[in-house]
Amino acid sequence: MTTTARTAASDIKDLALAAEGRRRTEWAERSMPVLRLLRERFARERPLAGKRLSACLHVTTETANLAVTLQAGGADVALCASNPLSTQDDVAAHLVKDHGIKVFAIKGEDHTTYYEHIRAALAHRPDITMDDGADLVGALHMIALNRLDDLAPPVRKWVETLSGSDRQALVAGVEGSTEETTTGVIRLKAMARDGVLQFPVIAVNDSDTKHLFDNRYGTGQSTLDGILRATNLLVAGSTVVVAGYGWCGRGFALRARGAGANVIVTEIDPLKALEAQMDGYRVAPMAEAARVGDVFVTLTGNTHVIRVEHMRAMKDGAVLANSGHFNVEIDLDGLKQTAQGPTRVREFVDEWRLGGKRLFVLADGRLINLAAAEGHPASVMDMSFANQALAAEHVVQHAKQLGKDVHRIPRELDAEIARLKLAAMGVAIDTLTPEQQKYLASWEMGT
Ligand SMILES: NC(=O)c1ccc[n+]([C@@H]2O[C@H](COP(=O)([O-])OP(=O)(O)OC[C@H]3O[C@@H](n4cnc5c(N)ncnc54)[C@H](O)[C@@H]3O)[C@@H](O)[C@H]2O)c1
């Protein structure tokens, strides 16, 4: 265990960091007007009253504002990390000390502690779960399907102490869940397809006010921020290889080009590749890009996108980073087997020697924006987390009608978040005139 401030109700690094966490959380709150409006309504209406909610999210200042909003709505909140490197220890301390929220998260926690914290979030016996990458819901499903061998040891040991009916009650007690990210939604849709999903899930990532902004502008900016904080490299004039031209890849390619890089995109989807080509980037297979890139960034949600054969082709000094959800996009196991290292040369930078060349891997191949920087700016998380709060409310209000499937929040709520965000930014738009409404609804009028 990597703990220093452990109580029955929390496991965090150091409570003394709370004041700094509070100051930084308040700073983020200034850029989260939509969530603030929701918090005010939640405090009046208490839509989550009496509900236990376990959230497995990156423990950042923005998440702190979400947790406090859920608590204002009446929820009893427990929070664990969705990545071992993304926790901001001062924020964890602030939530425990100033709000009495149960937090189980320590930056840099080892694999055992990470899963011990997931166990603690499960032991909170949630009515609602909230995930970023489906680790919490994944564990619940292994329990439901009695696949205890697939559970990490800390969770498995605990489950083995529960009776059969207790295990059933744990899973049956969950009315519904929400999922933040693309990778989690893909896993949940696979569960629904296989007919094993145990409760309804709201795919927050599917909201337009989430993926169009968070994945594109949030990941775009914060991934560049993470790489710069880790390396302090000059982007201008360098060649940056972007693997994946989905929402995150598009955003990052745009920011890398904006900073003066020559950007090469790699893709497996012909449509996305065509889009990248017409957006003005060079498109090439990884085997070709590997020879010329200075910095490589994976944003695919896929596994082993950069393999040893690619690494062998890279130039001396190439930098490798990942901003996709899991640390599987760069084949680090393959690298470990063939290269010498690692030597830590700076915080978040490991040097590997491969065939007389040096390769630098950032943050152990984990989400670079959350490991080396602070994750997305609050202004973009304002919309993502407004979706999360509304999704939790939607689960409470409609769990019985929602099937055991993956749903999105109603489009009207999505549009309402966009309307509130625009209003908060002081941006006004036009409305349809009666004549225009009639015109758009008619088919008789031609040239
Ligand atoms: N870093 C963050 O804070 C953050 C934020 C949001 C999402 N994510 C994660 O980033 C990943 C991507 O999310 P997204 O919303 O952009 O998904 P997306 O589905 O929009 O895009 C992924 C793209 O990767 C491409 N791809 C798949 N395999 C590939 C391969 N072998 N080589 C090249 N391209 C390949 C796909 O064709 C697709 O275009 C997911 O894991 C998601 O969970 C991270």
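Note that the structure is a prediction, hence the values are computed from the model and not measured. Just so it is clear, the values below take in all heavy atoms, side chains as well, and ignore hydrogens, waters and symmetry mates. When a ligand or atom number is given, it counts from 1 through the structure's own listing order.
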* Asked: Between H376 and F213, does the ring centroid distance fall short of 6.0 Å?
  -> no
* Structure fact -> D127 meets the salt bridge (charged side-chain N to carboxylate O under 4.0 Å, His left out) criterion, sequence neighbours left out, with none
* Basic-acidic side-chain contact under 4.0 Å: E288, R282 -> yes
* K102 with D76: basic N within carboxylate O range, under 4.0 Å -> yes
Output block, N or O contacts of ligand 1, threshold 3.5 Å exclusive:
from	atom 1	to	atom 2	distance (Å)
ligand 1	1 (N)	S323	O	2.8
ligand 1	1 (N)	S323	OG	3.1
ligand 1	1 (N)	N369	OD1	3.2
ligand 1	1 (N)	N369	ND2	3.3
ligand 1	3 (O)	N369	ND2	2.8
ligand 1	13 (O)	T182	OG1	3.4
ligand 1	15 (O)	T182	OG1	2.7
ligand 1	15 (O)	N215	ND2	2.9
ligand 1	16 (O)	W247	N	3.2
ligand 1	16 (O)	C248	N	2.8
ligand 1	20 (O)	W247	N	3.2
ligand 1	28 (N)	N302	ND2	3.1
ligand 1	37 (O)	E267	OE1	2.8
ligand 1	39 (O)	E267	OE2	2.6
ligand 1	39 (O)	K272	NZ	3.2
ligand 1	41 (O)	T183	OG1	2.5
ligand 1	41 (O)	H325	N	3.0
ligand 1	43 (O)	T181	OG1	2.6
ligand 1	43 (O)	T183	N	3.1
ligand 1	43 (O)	T183	OG1	3.3

* To do: Only counting residues at least two apart or in another chain, list the ones meeting salt bridge (charged side-chain N to carboxylate O under 4.0 Å, His left out) with E351.
  => R353
* Who pairs with D131 by salt bridge (charged side-chain N to carboxylate O under 4.0 Å, His left out), at least two apart in sequence or on another chain? -> none
